[in-house]
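Report on one structure; see the data block that follows.
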Amino acid sequence: MVPLLSMQGIDKRFAGIPALRTAELVVEKGEVHALIGQNGAGKSTMIKILTGYYRKDAGEILFDGRPVEFSSPQEAQRSGISTIYQEINLVPFRSVTENICLGREKRRFGLLDWSAMHEEARTLLARFSIDIDVRRPLMAYPTAVQQMVAIARAIGFDAKLVIMDEPTSSLDEREVEVLFGVIRQLKASGVSVIFVSHKLDELYAVCDRVTIMRDGRTVPVAPMAQLSRLDLVTSMLGRELTQVLHEGHDAGNARDDVREPVLKVSHLAIGRKVRDVSFDVHPSEIVGLAGLLGAGRTESVRAVFGADKPDAGTIGFAGTENTISAPLDAIRAGMGFCSEDRKLEGIIPDMSVRENLTLALMPQLARRGIVDEARSREVVDRFIRRLGIRCTGPEQRIRELSGGNQQKVLLARWLCMSPKLLILDEPTRGIDVGAKAEILSLIRELAGQGLAVLMISSELEEVVEAASRIFVLRDGHTAAELKGDAVNEQTVMAAMAHGHEEAQEAAHG
């Protein structure tokens with residue numbers, strides 16, 4: 001039987017850098033097909049090429065038996081492909097009916113047939129067990145309802161293929177079950193679904209086959225029933241089950257510290273991303289937070305730093321509990337935080353190395369509104385030397401530095417504050433191998449001098465190499481705490497896939 005969709009040999013480059021390399025995606029008629037991979041694996045690029053948002057550089061796309069290359073998402077939609085994005089892309093000030101029927105309005109005698117459109121909107125939403133006033137503005141309803149409206153709109157186009165990109169991100173458990181029921185209805189009626197999700201349980205609940213992407217390539221394609229959770233995780237990360245366990249782990253900071261932890265997080269909950277997360281960090285210790293994309297790592301540390309408000313749980317820092325309600329409180333208490341997005345939330349590109357480095361320290365360098373220039377120069381020169389920041393001088397614009405040196409400036413920004421805890425979210429993302437080694441060596445040196453470090457990294461070997469303890473997060477929960485001999489790639493992957501018991505078996509297996 002001819003598949004509904006066949007994408008073969010797809011290449012795509014951005015500014016000369018390959019995003020897709022001979023990637024493939026085949027979806028059968030009436031199939032629910034999972035498309036998974038870590039952040040940057042190429043999933044979104046693949047979907048955007050299919051739907052006409054990007055043009056491919058090479059390869060062939062067949063849809064419903066004929067070659068296609070859509071020039072826009074609207075053309076793809078008219079041909080029978082509907083896409084539901086994770087970010088709700090509807091018109092909040094328009095009514096629910098207008099959003100559902102936008103682009104395919106019903107008319108009678110040349111006028112909009114509001115009665116027929118209201119009825120269609122109510123009928124579509126009834127499939128999700130939603131009974132609301134469809135004449136009210138979309139913004140009057142909570143995010144979960146808006147997400148259901150987006151899905152109802154996509155289904156209303158009589159699509160042959162529905163693409164769902166993280167469709168459950170705003171839904172509770174009951175709403176997820178309702179959505180799965182609708183997906184099964186679509187499948188029974190011959191409609192195909194591409195289901196993009198980081199939640200392994202959801203994939204096994206609703207998907208028939210899976211395509212796994214890594215580094216812009218298609219890796220295993222297989223029936224879901226033939227792949228274990230551990231197989232999925234190892235394929236996404238590119239690590240082999242038979243890989244030798246990590247040996248020679250630097251246990252210099254791996255000790256049972258009798259001192260009180262500098263940070264203790266208990267049963268943290270934030271929205272739908274973080275359900276029940278607990279971890280702690282002692283002085284002179286590097287603690288890793290591991291987990292797949294969407295596990296709740298970044299959301300948890302943002303709450304620790306006061307950037308987001310928790311819904312439940314406690315955060316104890318330096319002997320006090322729940323006293324940090326904003327980043328300024330965290331900085332004053334002795335925390336530093338290097339965000340995962342260095343360019344967007346870290347550096348100020350048009351400012352100098354000196355200005356970026358002293359940004360957090362500025363209130364201490366100024367008296368009555370006048371900056372102590374001599375002290376500022378002394379601090380900047382000291383940290384440029386200490387961290388080996390390669391620049392032409394303190395006044396060079398930071399945007400002219402390499403990624404590794406920009407990251408060193410951000411580390412220096414917090415180190416000059418003499419923090420008790422340094423939170424590092426993807427500290428080596430986007431920098432070369434040599435700079436990575438320098439950054440990791442510097443982090444270990446800082447921990448050896450008494451600093452508590454909480455580190456997030458998507459690179460498994462990196463977090464295993466650096467950390468003495470690792471907390472593995474899975475679907476917003478703390479799945480396992482690993483320490484000692486259990487700090488190795490195999491046990492971390494087992495915890496990502498299954499949880500604590502399987503991780504313990506892997507550790508002793």
### Residue pair L268, T314: steps toward the side chain to side chain contact (heavy atoms under 4.5 Å, CB included) verdict
CA-CA 6 Å; L268 188 68; T314 60; over 6 Å; no
### Message
For D165 and I84: C-alpha separation, side-chain torsions, deciding distance, then whether side chain to side chain contact (heavy atoms under 4.5 Å, CB included) applies.
### Response
CA-CA 6 Å; D165 187 359; I84 303 156; over 6 Å; no
### Task
Could you walk me through whether H267 and D276 pass the side chain to side chain donor-acceptor pair (under 3.5 Å) test, one step at a time?
CA-CA 5 Å; H267 305 296; D276 185 4; 2.9 Å; yes
#### Entry: Criterion side chain to side chain contact (heavy atoms under 4.5 Å, CB included) on M7 and L50, from CA distance to verdict
CA-CA 8 Å; M7 302 178 72; L50 170 61; 4.0 Å; yes
### Task
I would like to know whether M335 and W414 meet side chain to side chain contact (heavy atoms under 4.5 Å, CB included); could you show each step before the answer?
CA-CA 8 Å; M335 282 192 209; W414 298 113; over 6 Å; no
### Query
Stepwise, does the salt bridge (Lys or Arg N to Asp or Glu O under 4.0 Å) test hold for R469 with D280?
CA-CA 10 Å; R469 286 191 300 143; D280 58 76; 2.6 Å; yes
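A side-chain donor-acceptor contact under 3.5 Å links R413 to the backbone of G346. Formation of a donor-acceptor pair under 3.5 Å by the R474 side chain with backbone atoms of A497 is found in this model. With hydrogens and angles disregarded, a donor-acceptor distance shorter than 3.5 Å links the side chain of S228 to the backbone of D231. Judged purely by atom type and a 3.5 angstrom limit, T491 uses its side chain to pair as donor or acceptor with the backbone of A486. In terms of modelled atom types and a separation under 3.5 Å, the side chain of D57 and the main chain of R13 share a donor-acceptor contact. Judged purely by atom type and a 3.5 angstrom limit, E355 has no side-chain atom pairing as donor or acceptor with the backbone of M351. In this structure, R214 contributes its side chain and S235 its backbone to a donor-acceptor pair below 3.5 Å. A donor-acceptor distance shorter than 3.5 angstrom exists from the side chain of K408 to the backbone of G388, with no hydrogens or angles considered. For the pair S468 (side chain) and E285 (backbone), a donor-acceptor distance under 3.5 Å is absent. Here the side chain of R297 pairs a donor or acceptor atom with the backbone of G291 at under 3.5 angstrom.
Put simply, CZ on R217 and CD on E24 are 11.5 Å apart, with the number rounded to the nearest 0.5 Å. Rounding to the nearest 0.5 angstrom, the gap separating the CD1 atom in I286 from the CG atom in L446 is 8.5 Å. Going from atom CD of Q407 over to atom CG of N405 covers 10.5 Å, rounded to the nearest 0.5 Å. One distance of note links CG of L200 with CG of D475; it measures 6.5 Å at 0.5 Å rounding. Of the inter-residue distances, the one linking S352 atom OG with E395 atom CD reads 4.5 Å to the nearest 0.5 angstrom. In this structure, the separation between CD1 on I456 and OG on S300 is 7.5 Å, given to the nearest 0.5 Å.
Contact between Q146 and L90 at its shortest, heavy atoms only, is O-CD1, 4.0 Å. Considering all non-hydrogen atoms of both residues, N99 and R94 come closest at ND2-O, 3.3 Å.
At least one side-chain heavy atom of F337 sits less than 4.5 Å from a side-chain heavy atom of R302. When side chains are defined from C-beta on, L460 counts as touching M493, because their heavy atoms get closer than 4.5 Å. In this structure the side chain of M46 reaches within 4.5 angstrom of the side chain of I10, judged on heavy atoms.
Crowding of R382 atom CZ: a count of heavy atoms from other residues, nucleotides or ligands under 6.0 Å exceeding 12. Within 6.0 Å of atom CZ in R399, more than 12 heavy atoms from other residues, nucleotides or ligands are found, so the atom counts as buried in its surroundings. When the shell of 6.0 Å around OH of Y204 is examined, it contains more than 12 heavy atoms from other residues, nucleotides or ligands. Heavy atoms of other residues, nucleotides or ligands lying less than 6.0 angstrom from CZ of R272 number more than 12.
In this structure, F383 has no ring-ring contact (aromatic ring centres under 6.0 Å, His included) partners at least two apart in sequence or on a different chain.
Checked against P394 for a side chain to side chain contact (heavy atoms under 4.5 Å, CB included), the options L357, T358, N356, I384 give a single hit: I384.
A side-chain N or O of E202 and one of S197 form a donor-acceptor pair less than 3.5 Å apart. Using modelled atom types and a 3.5 Å distance limit, the side chains of S339 and D425 yield no donor-acceptor pair.
A cation-pi geometry, defined here as NZ or CZ lying under 6.0 Å from the six-membered ring centre and within 45° of its normal, holds between K12 and F14.
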